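All remarks here apply to the structure that follows.
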2 protein chains.
Amino acid sequence: MTLDEQDKAIIAELQRDGRTPYAAIAEAVGLSETAVRKRVMRLTDSGVMQIVAVTDPTQLGFARQAMIGIRVSGPLEPVAQALAALPEVDYVVITAGSFDVLAEVVCESDAHLLALVSDRIRGISGVRETDTLMYLKLQQQTYAWGVR
Amino acid sequence: MTLDEQDKAIIAELQRDGRTPYAAIAEAVGLSETAVRKRVMRLTDSGVMQIVAVTDPTQLGFARQAMIGIRVSGPLEPVAQALAALPEVDYVVITAGSFDVLAEVVCESDAHLLALVSDRIRGISGVRETDTLMYLKLQQQTYAWGVR
DNA sequence: AGTGAAACGACCGTAGA
DNA sequence: TCTACGGTCGTTTCACT
């Protein structure tokens, strides 16, 4: 699907506040309310955009985040699935490069992170090697790719 | 801030659809509409939660995603800031581990990715070494950490 | 443009520090 | 008593046909 400038403007508006009324969006982008509503429906139905609640783990007592780089022996997908099943894991991607799988984890403390990596991640069958990249500072996080 | 079960239920509901009416949430969690509205306001005002539009780059012709692991000489923050300023970069984090900075990038094609890494990222002053981890499969992505 | 639904604000009640 | 939270109701605004 291709986005025109008005689609992008609508997304940008909903990026600021996902509950912005259609009428307010309409005024901001120069379309009728109905046109905006149809476009939003089209964007969400097609899977291009989704309007969801996003939480901030640091505000919830999860002070320790890290990316775990993993080297695997054998098939990758079972390992990725096992990682995704862990409650502390919020992001899993299979990659080609110096790691086979990347997993982002959210922990309450160093002890929690240690237990997670040492006991549970390294216990997954097929996990050969892990590299823990502890987060020092989250510099940027964008939810609306391809829009700005 | 501490979340009780009702906060979590509200977040879970808005995680499914960020525009769910307060009355519907109220019914689902067993509170009045007003109470739900106040809780949502508290959650968003405090920064615990945000309701936003999220786009799917693969649906928008950005077929090539990658995590770029970067080793830096000298200060880290200027490099992280320069990375964040690139339009293709949607996520930047400073880490302690085998990379100094991680940047997730969204590209239209291999050629685009090559140009980005080769010309622009490696041209940033302080970038010493890059490792491109091309995404093969995004296995999981969660927006509501600490809720499930 | 009109109508039913949703959101909002002002006010009150209650429980616990 | 003060604060935090929930509920009721009347009004305005919004969503959808």
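The structure displayed is predicted, hence computed values, not measured ones. By convention in this document, chain letters (A, B, ...) are assigned in the order of the sequence lines, proteins followed by strands, and residues within each chain are numbered from 1.
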(message) Students should find this one: the first and last nucleotides of DNA chain D, 5' to 3', lying under 4.0 Å from a heavy atom of chain B. What are they?
(response) dC5(D) to dA15(D)
Let me have the donor-acceptor pairs involving side chains of residues 72-83 of chain B, under 3.5 Å, with sequence neighbours excluded, atom names and distances please.
residue: Glu77(B); atom: OE1; partner: Lys137(A); partner atom: NZ; Å: 2.8

(message) Closer than 4.0 angstrom, basic N to acidic O: yes or no for Asp7(A) and Arg42(A)?
(response) yes
(message) Side chains of Glu27(A) and Tyr22(A): any donor to acceptor distance under 3.5 Å?
(response) no
(request) Determine, for Asp45(B) against Lys38(B), whether the closest basic-nitrogen to carboxylate-oxygen distance falls under 4.0 angstrom. (result) no
(request) State, to 0.1 Å, how close Leu14(A) and Met49(A) come at their nearest heavy-atom pair, and which atoms those are. (result) CD1-CE, 3.8 Å
(message) Below 4.0 angstrom, which residues in residues 9-25 of chain B have at least one non-hydrogen atom near DNA chain D?
(response) Arg19(B)
Mind listing the N/O atom pairs, protein and nucleotides 13-17 of chain C, below 3.5 Å?
none

(message) Contact list please: residues 32-44 of chain A against DNA chain D, heavy atoms, distance less than 4.0 Å, in numerical order.
(response) Glu33(A), Arg37(A)
(message) Less than 4.0 angstrom from a charged side-chain N to a carboxylate O is my criterion; do Arg122(B) and Glu129(B) meet it?
(response) no
(request) Find the distance between CZ (Arg16(B)) and CD1 (Ile25(B)) and round it off to the nearest 0.5 Å. (result) 10.5 Å
(message) Tell me if a side-chain donor or acceptor on Arg39(A) pairs with a main-chain N or O of Gln6(A) at a distance below 3.5 Å.
(response) no
Enumerate donor-acceptor pairs with a distance under 3.5 Å from any side-chain N or O in residues 55-62 of chain B to protein atoms, sequence neighbours excluded.
residue: Thr55(B); atom: OG1; partner: Tyr143(A); partner atom: O; Å: 3.4
residue: Thr55(B); atom: OG1; partner: Trp145(A); partner atom: N; Å: 2.9
residue: Thr55(B); atom: OG1; partner: Trp145(A); partner atom: O; Å: 3.1
residue: Asp56(B); atom: OD1; partner: Thr58(B); partner atom: N; Å: 3.1
residue: Asp56(B); atom: OD1; partner: Thr58(B); partner atom: OG1; Å: 2.8
residue: Asp56(B); atom: OD2; partner: Thr58(B); partner atom: OG1; Å: 3.3

(message) Quick check for you: to the nearest 0.5 Å, what is the distance between Gln50(B) atom CD and Thr44(B) atom OG1?
(response) 9.5 Å
(request) To the nearest 0.5 angstrom, please state how far the CG atom of Leu133(A) sits from the CD atom of Gln65(A). (result) 13.0 Å
(message) Against Ile70(B), only a single residue in Val92(B), Ile121(B), Leu102(B), Ile94(B) fulfils side chain to side chain contact (heavy atoms under 4.5 Å, CB included); can you say which?
(response) Ile121(B)
